[in-house]
Amino acid sequence: MKDRTKRFKKYRVLLAMLVPGLLYLTVFNYIPMYGVLLAFKEYKITAGIMESPWVGLKYFRKAFEDPHFFVVVKNTIIISFYKLLFGFPVPILFAVLLNEIRNRTFKKWVQTISYLPHFMSWIVLSGIFITIFSMEGPINAIVKGMGHLPVIFMADERYFRTILVSTSIFQSFGWGSIIFLAAIASIDPQLGEAAIIDGAGRFKRMIYITLPMLVPVMSIMLILSMGTILDAGFDQIFNMYNPQVYDVSDIIDTYVYRIGLIDANYSYSTAVGLFKSVVALILIVGVNRSVKAIGGNEHTLW
Amino acid sequence: MVKNSRMSSRIADFVLYTGMFLVMVATLYPFWSQVVVSLQAGASTYSTGMMLFPKRITFEAYGLALHYKPLWIGYGNTILRTLMGVSLTLIITSMTAYPLSKKDLPFNRAFTGYMLLTMLFTGGLIPNYLLIRSLGMLDTIWSLVIPGMLSAFNVLIMRNFFKSVPESLEESATVDGAGHIRIFTSIILPLSMPVLATIALWVGVGHWNAWFDSLIYINDPRNQVLQVVLRKIIIENDTSNMAAMIQKMNTHAEYTSRQLQSTVIMLSVIPMLIVYPFVQKYFVQGVMIGAIKG
Amino acid sequence: MNKRMNGLSLALSIVLLGLTVTACSNNSNSDEGKTNDSAASPPQSATASGTGASDTVDPVTGKKMKLMVWSFDADKTNVDGYAMNAIREKLGVDIDFYNSTNDAAAIKEKLLLQIASDNIPDWWTEIPFAEGDKFADQNVAAEIPLEMLEKNAPNYMKWMEKNLGPDPMRYVRRQDGKIYSLPVLWTLASSSEVLGYRQDWLTKVGIDKTPETIDEMAVALDKFRNEDPDGNGKKDTYGMTSHPATDATQQVQGLFSAVFGAYGVWPGATVDIDGKAVRGEIEPGAKEALTTLNKWFKADLIDPEFFINKDANVDDKVISSKVGVVQKSWWEFIQPEAFYEGKFYAKLREKVPNADWALSSGPKGPNGSFGITQGNPMLGTGIQFGKPLEANPEKLAKYLQMFDATSFDLDLYTKIHYGVEGTTYEKKSDGTYAYLPPYDTDESRTEYGIGNFYHAPGSFNDYDFQAPFMTRGDLMDVKNAAASKGIGKYDFMLPFAKPAFTEYQDALTQLTMKTYIEFITGRRPIEDFDKYAAEWKSAGGDKVLAEAQTKLDEINKK
């Protein structure tokens, strides 16, 4: 008790500094949060959210009694998981390797250009990828060159998720590496110098200095990425999929979009959104706990 | 031994540089193909193959876009919102993140939890619109800058970087009689330039590319942002868009919609590429801790 | 160190600067907003000042009545320009703009938000049917009495009757017998889709008449694939590809509709066949069509990527001469000056100067059936009025008069779109209209205040009435010939509330798309068709059909 008063005193300036942020969150995030009530109500436009009649779990039941909903949840989780599994390490690797390049100009060029796909919309990118993976495209040219028959990759359930994951990595690894480059830039250069004196080679310095220094960022990025785990990439999938691969690529967002085409239903989409948030919350807490359990106490969210 | 390691370092360099060069070529391609299409004349924008070089160069689409007055209004508003948005975000985010980087701050976990929930649960469009409206921010730049100014994600990232500043630095400053504010502004912030630059880049690009908020909150064309203007150009020339087509059926579209579309991408990406090197130096160079210490 | 702090203070001062700048601009905005409202003395008055139709007084406010006009393209409209003044003069009212955007999805979103914040506009247009129904149910939309409509919008009613037969309002009349919306017809929709054959290719492979039957079509496709019709020495051309639907709910209709038409079925649309509501996808005719398509696919005549293509890919393939047969709106295949855009004509000709298209309404099948699934001309709810107008019938009537006049009064229509003869436009000897310089650019037209962007309402397009504005005189025959080819049935259920359809449409569409593609590509034997039909029915299809039958009986009874 006494300790807390002491801490209050010690940190009174910092506590005051926190006030604007907390106030902001209250006004701009917490006040509008009554909108989630829509998930349990039948929205009447003139009545407003508060006055609309309650319908309880109607829209959750609608979602969970729909057999296709489980298919799309499954696809969402699988695609998201693959994107995380393969997509998470790539920007780190890229940042670390980029750091090894000593020619400044070349380094800057590579870095700048690696971001470019991030600025292209999926409408444009999907057109390009459809061309690249088409019967006449370069990939099939290689396939034919090796004496095989060309494959319609975009229509093949065996390849489609791989295409989704790899093109999504292609689009985002450069942009995703920024935060890791920032972390590398924050490393005290004296550490590296000391290691050189100790006779550590480049590879050793990479493994024993750069990577460990990135662990805090990696861990927080990993935990935070759980927050969007059920967003498997609407824009990408919507622009790339076709009926032959729906079974492996239809995700929650594309499904909710399609069934809302004729009759957009705020209550239903709010219910689905709420479901996604709850799953994300559980995952964040879970991963945070696991990080703590494996001894990364310093790197958790709380 | 020494020779050997130099040799292997050379090989490593060769592999590294070649690999990076290939990465560069691959990531450049989508952008390059848009450059080509935006410069391509007439029917040559239609092709079933890869586009490597423009066949007949024309700047017509750029001319059309650049003569379009709302485009410049859009640039003005977007630059303003980006500058304001980035500055406000950096200020409030760092102010929030710094106290939370102190492990023994009272109620630290409660505050963190309070923030985290905002990352996951949102009220949706309707309550936000009503809030913006009741605050009188409709049709003003505040409706674009204030909502989303503080995000839990950025605070948590920044807090993590603040944590990694060696405590010894702060302690020695405290001994010298510096208060929390002094330490924050003269030690923590300068040492955290890389993360500040990162967040500035994230937020800045976010503002630069944002359109939905402006579409919903802004009615007055004089307050409209660049991306909305660019979308408008595309929709106007998009003949697969039924609604747009019916409205303007008796005005003949002069440009292929894809040429305009790629031109529009260029108009929005190129300014970012010009500004980027100025931000880039903060994470390519690194921080001189020695400089602070001294 | 010092330098960095400078950066921070620079950022701060930018913020402050930003604050002052916006504060200023806010002030000026609201000021101008006010002047806008009271704009009584427009610069280029269409009338000699003061004369004109006697001013109408709003019985509710007691002031001169003010009507609102939508401006979806703020940069292309001028609230005090010639067109708006012409309307002011014609109706003796004041007019101001509702500013919005040209993005259809955003228009709807903004309207919903406006209504949710208790800010109901006087009127709105082209909202999807489901939304329109909700507006009527939830007391957002005003009732439109039929007598008022007949009295104040007689030309509109005539136009509706011309296209829909007597009692055109039966499509929007609700259970309680009341009307809450003015349907907007896009009359082109029901006759727009045609099948185009590359005429130059037909000539090259020695076919001297446009294929009429499904067998003749098969021959043409075969030659297009195998006889190098583009003469580049490579076997890189396909017979045909399918036409992807931009709207996911219409995917099935986009899949080789002409071939299904040959067997008398219309998959993807609920059609009225002798008083029976029918979905073509489960009819026996569909099985025959799929058998034919499968045969063609096996013979390598169809673009193997037909189901992956997005719109852009199809454009690429057509314009770079990779396919010889494609379905599209008729105006894409003819000169842009003949009607509109002419993408497959103009762009293709830049690459292949002698390229030309032969248009067809689709091949005739064994029973002589033919056609391509068309669109329902009723695209959306049309125009609705805000509930508050119910209490102000004079204003409602005035709106109806305005809509009628701007759409069907030739003089006013010309004034709005073309301005003043001899000044802004001239009438050519062939009867068409052309802007005079400097009014041949969007910018100067905007400044003068004329053009196509004044939505007052701009939704009732009688294309017969507008023909001289759209088609060059010497191309009138080309246009008429092309337009006559669009034949086929369309989904009659589009305008109606259809809960069963809404619930099952996605599952049914996915099932059909997947299975059809498997049938065509041969991944699944066509013998499974009956299994598919049964699955379709049990997945909600029978409920969809029952719902449609009930509605159809209701319409036909009247």
Side-chain angles (χ1 to χ4, degrees), chain A residues 35 38 42-49 51-52 62 66-69 71-72 122-124 126-131 133-137 140 149-157 160 163 238-247 250 254-266 268, chain C residues 105 108-109 111-113 115-118 120 128-131 133-135 137-140 236 244 247-252 255 303-313 316-317 322 387 494 497-499 501-507 509-518 521 523 539:
Chain A
L38 265 186
E42 187 76 62
Y43 182 52
K44 297 268 180 268
I45 189 162
T46 40
I49 293 169
E51 306 295 318
S52 290
K62 182 180 167 187
D66 177 353
H68 194 61
F69 192 72
V71 177
V72 297
W122 276 106
I123 299 179
V124 171
S126 75
I128 291 173
F129 288 130
I130 288 176
T131 308
F133 289 106
S134 74
M135 297 286 275
E136 309 294 327
N140 265 318
L149 282 174
V151 183
I152 307 182
F153 290 102
M154 300 294 274
D156 201 316
E157 292 188 351
F160 194 70
I163 291 177
F238 186 71
N239 283 301
M240 282 173 79
Y241 72 171
N242 61 66
Q244 278 300 284
V245 292
Y246 275 159
D247 286 351
D250 201 7
T254 48
Y255 181 55
V256 170
Y257 171 83
R258 284 201 320 271
I259 59 175
L261 271 179
I262 292 187
D263 187 6
N265 188 324
Y266 278 107
Y268 183 70
Chain C
K108 184 189 120 192
E109 205 75 64
L111 180 65
L112 288 171
L113 290 168
I115 295 172
S117 59
D118 230 359
I120 305 181
F129 291 105
E131 286 335 308
D133 271 336
K134 279 185 212 158
F135 289 164
D137 283 338
Q138 299 180 18
N139 276 331
V140 177
D236 59 352
D247 181 347
T249 59
Q250 289 169 9
Q251 276 181 330
V252 180
L255 208 60
D303 171 16
E305 293 170 329
F306 70 91
F307 54 93
I308 299 173
N309 293 333
K310 309 284 171 193
D311 253 339
N313 302 97
D316 284 346
K317 286 179 177 171
K322 297 289 175 218
K387 193 77 178 173
L494 195 72
K498 37 188 181 307
F501 180 79
T502 307
E503 186 169 349
Y504 300 111
Q505 54 94 7
D506 186 61
T509 305
Q510 304 317 325
L511 172 67
T512 304
M513 283 307 286
K514 191 163 162 40
T515 325
Y516 269 30
I517 293 167
E518 284 169 351
T521 56
R523 288 183 207 188

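No hydrogens, no waters, no symmetry mates; every other heavy atom, side chains included, goes into these values. Just so it is clear: chains get the letters A, B, ... in the order the sequence lines come, proteins before strands, and each one is counted from 1.
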Student: Looking at chain C, which one of A:Val245, A:Asn242, A:Ile152, A:Ile123 has the largest number of heavy-atom pairs inside 4.5 Å, strictly under?
Tutor: A:Asn242
Student: Need one label for C:Ala116: side chain, backbone, both or neither, based on atoms under 4.5 Å from any heavy atom in chain A.
Tutor: both
Student: To the nearest 0.5 angstrom, please state how far the CG atom of A:Asn265 sits from the OG1 atom of C:Thr502.
Tutor: 10.5 Å
Student: Among C:Lys498, C:Lys310, C:Glu131, single out the residue with the greatest number of heavy-atom pairs under 4.5 Å to chain A.
Tutor: C:Lys310
Student: CG of C:Asp316 to OG1 of A:Thr131: how many Å apart, nearest 0.5 Å?
Tutor: 6.5 Å
Student: Quick one about A:Arg258 and C:Gln505 (side-chain donor to acceptor, distance below 3.5 Å, no hydrogens or angles considered), yes or no?
Tutor: no
Student: Taking side chain as C-beta onward, heavy atoms only, is C:Ile308 less than 4.5 Å from A:Phe133?
Tutor: no
Student: Let's test your reading of the structure: which of A:Lys44, A:Gln244, A:Met154 forms the most heavy-atom pairs below 4.5 Å with chain C?
Tutor: A:Gln244
Student: Measuring from C:Leu511:CG to A:Tyr246:OH, what's the distance to the nearest 0.5 Å?
Tutor: 12.5 Å
Student: Looking at residues at least two apart in the chain, or sitting in another chain, which of them share a side chain to side chain contact (heavy atoms under 4.5 Å, CB included) with A:Asp156?
Tutor: A:Val151, A:Arg158, A:Tyr159
Student: Side chain, backbone, both or neither: which part of A:Tyr43 has a heavy atom under 4.5 Å from chain C?
Tutor: both
Student: Is it true that, when you exclude C:Glu109 itself, more than 12 heavy atoms of the residues, nucleotides or ligands shown sit nearer than 6.0 Å to its CD?
Tutor: yes
Student: Against chain A, label C:Tyr516 side chain, backbone, both or neither, depending on which of its atoms sit under 4.5 Å from a heavy atom there.
Tutor: neither
Student: Could you tell me which portion of A:Phe153 (side chain, backbone, both or neither) has an atom closer than 4.5 angstrom to a non-hydrogen atom of chain C?
Tutor: neither
Student: Which region of C:Gln251, side chain (C-beta onward) or backbone (N, CA, C, O), has a non-hydrogen atom less than 4.5 Å from a non-hydrogen atom of chain A, or is it both or neither?
Tutor: side chain
Student: Taking side chain as everything from C-beta outward and backbone as N, CA, C, O, which of these in A:Ile259 sits under 4.5 Å from a heavy atom of chain C? Side chain, backbone, both or neither.
Tutor: both
Student: Any salt bridge linking C:Lys514 with A:Asp247? Criterion: basic side-chain nitrogen under 4.0 Å from a carboxylate oxygen.
Tutor: yes
Student: Given a strict heavy-atom distance threshold of 4.5 Å, which part of C:Phe135 is in contact with chain A: side chain, backbone, both, or neither?
Tutor: side chain
Student: Mind ranking C:Lys387, C:Gln510, C:Glu503 by heavy-atom pairs under 4.5 Å with chain A and telling me who comes out on top?
Tutor: C:Gln510
Student: Is chain A contacted by the side chain of C:Asn313, its backbone, both, or neither, given a heavy-atom distance below 4.5 Å?
Tutor: side chain
Student: If you define the side chain from C-beta out and look only at heavy atoms, does anything of C:Lys134 sit under 4.5 Å from A:Ile45?
Tutor: no
Student: Taking atom OG of A:Ser134 and atom CD of C:Glu305, what is their separation to the nearest 0.5 Å?
Tutor: 5.0 Å
Student: Please give me the minimum heavy-atom distance between A:Pro243 and C:Phe307, naming the atom from each residue.
Tutor: CD-O, 4.0 Å
